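Take a look at the structure below.
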Protein chains: 2
Amino acid sequence: MGGTPIRNEIRRLRFEHGEMTQQALADACGVTRQTVIALEAGKYAPSLELAFRIARTFGVRVDDVFRWEDADAAS
Amino acid sequence: MGGTPIRNEIRRLRFEHGEMTQQALADACGVTRQTVIALEAGKYAPSLELAFRIARTFGVRVDDVFRWEDADAAS
DNA sequence: AGCCAATGTCAAATCCTTTTTACATCGACT
DNA sequence: AGTCGATGTAAAAAGGATTTGACATTGGCT
């Protein structure tokens, strides 16, 4: 769709879960370390399925990990 | 990622919102009618950004529109 | 100094989502 | 019978997400 107005709390959640490493999160979600790096760097937004896996890994909801800033936020 | 173990409540929400048409939802989310059709038919899961737009259109959270059935649901 | 784990960058290939276009069906209405 | 709006199908092309592999950096530890 557009650029990537989606921010995430992955890095924070990772540290709040016992110094969980990028590799550990990647393994838990069945993806590559590259994907975790790219997501934390905000290079792109994950697929919905991956968003669910990440959220479930941290025991929270999708909306608690990812935040969408609407580009049409006309005051 | 995998196949598409993600179910959604789009059709139901559409009707609960005043007989909202597929085209109207598509317009509200900035996508094509084809995309809405494919999503309701479960052909694939939307991008995370589109998931957010759909949820916001209905005034609910992403987790309220989409449900992920983990393939590893060993009883 | 040297090692190792964790993190980061880059680029090509692959897979999945979305668009576009064109056509088919069904029900309501005249 | 004919039209119109809503829904459905199909397939190619475009765009974005994920993988793979190889290499660079930083910090802690010995």
Side-chain angles (χ1 to χ4, degrees), chain A residues 1-58 61-72, chain B residues 1-58 61-72:
Chain A
M1 303 223 46
T4 294
I6 295 185
R7 304 258 168 263
N8 70 70
E9 308 287 321
I10 296 178
R11 193 156 213 147
R12 185 176 60 73
L13 288 165
R14 212 156 45 77
F15 288 129
E16 290 179 358
H17 280 250
E19 300 289 331
M20 175 182 251
T21 192
Q22 288 179 334
Q23 183 70 62
L25 175 58
D27 290 346
C29 296
V31 295
T32 336
R33 188 172 62 91
Q34 276 312 314
T35 301
V36 173
I37 291 175
L39 293 181
E40 288 193 357
K43 292 197 177 147
Y44 49 73
S47 67
L48 182 56
E49 179 169 354
L50 179 49
F52 267 111
R53 291 188 183 192
I54 293 171
R56 192 159 300 183
T57 295
F58 291 131
R61 288 166 307 188
V62 169
D63 302 74
D64 294 327
V65 183
F66 302 91
R67 304 246 165 77
W68 178 50
E69 310 289 345
D70 194 342
D72 299 343
Chain B
M1 302 222 45
T4 295
I6 296 186
R7 303 258 169 261
N8 70 69
E9 307 287 322
I10 297 179
R11 194 156 211 148
R12 184 175 60 72
L13 288 164
R14 213 156 46 77
F15 289 128
E16 290 178 356
H17 280 249
E19 299 289 330
M20 176 182 250
T21 192
Q22 287 179 333
Q23 182 70 61
L25 174 58
D27 291 346
C29 296
V31 295
T32 335
R33 189 171 61 90
Q34 277 312 315
T35 302
V36 173
I37 290 174
L39 293 181
E40 288 193 357
K43 292 199 176 146
Y44 48 73
S47 68
L48 182 56
E49 179 170 355
L50 179 48
F52 268 111
R53 292 189 182 191
I54 293 171
R56 193 159 300 183
T57 295
F58 291 131
R61 290 166 306 189
V62 169
D63 303 75
D64 294 328
V65 184
F66 302 91
R67 304 245 165 78
W68 177 51
E69 310 289 346
D70 193 342
D72 300 344

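Letters A, B, ... mirror the listed sequences (proteins, then strands); counts begin at 1. Predicted model only: the values in this text are computed from it and were never measured.
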Which is true for [X] with a 4.0 Å heavy-atom rule: it touches a base, it touches only sugar-phosphate, or it touches nothing?
X	value
A:A38	nothing
A:T32	base
B:A41	nothing

Mind checking whether [X] and [Y] have side chains closer than 4.5 Å, heavy atoms only?
X	Y	answer
B:T32	B:T35	yes
B:L13	B:I54	no
A:T57	A:M20	yes
A:E9	A:F58	no
B:D63	A:F52	yes

Between [N] ([atom2]) and [X] ([atom1]): distance, integer Å:
X	N	atom1	atom2	result
B:Q22	C:dT18	CD	P	15 Å
A:E49	D:dT18	CD	P	10 Å
A:Q34	C:dC15	CD	C1'	17 Å
B:Y44	D:dT18	OH	P	16 Å
B:L50	D:dG15	CG	C1'	14 Å
B:I54	C:dT17	CD1	C1'	12 Å
B:F15	D:dT7	CZ	P	6 Å
B:I37	C:dT18	CD1	C1'	13 Å

For [N], does either OP1 or OP2 sit under 4.0 Å from a side-chain N or O belonging to [X]?
X	N	result
A:T21	C:dT7	yes
A:R14	C:dA6	no
B:R33	C:dT21	no
A:T35	D:dA17	no
A:R53	D:dT18	no
A:S47	C:dT17	no
A:K43	C:dT9	yes

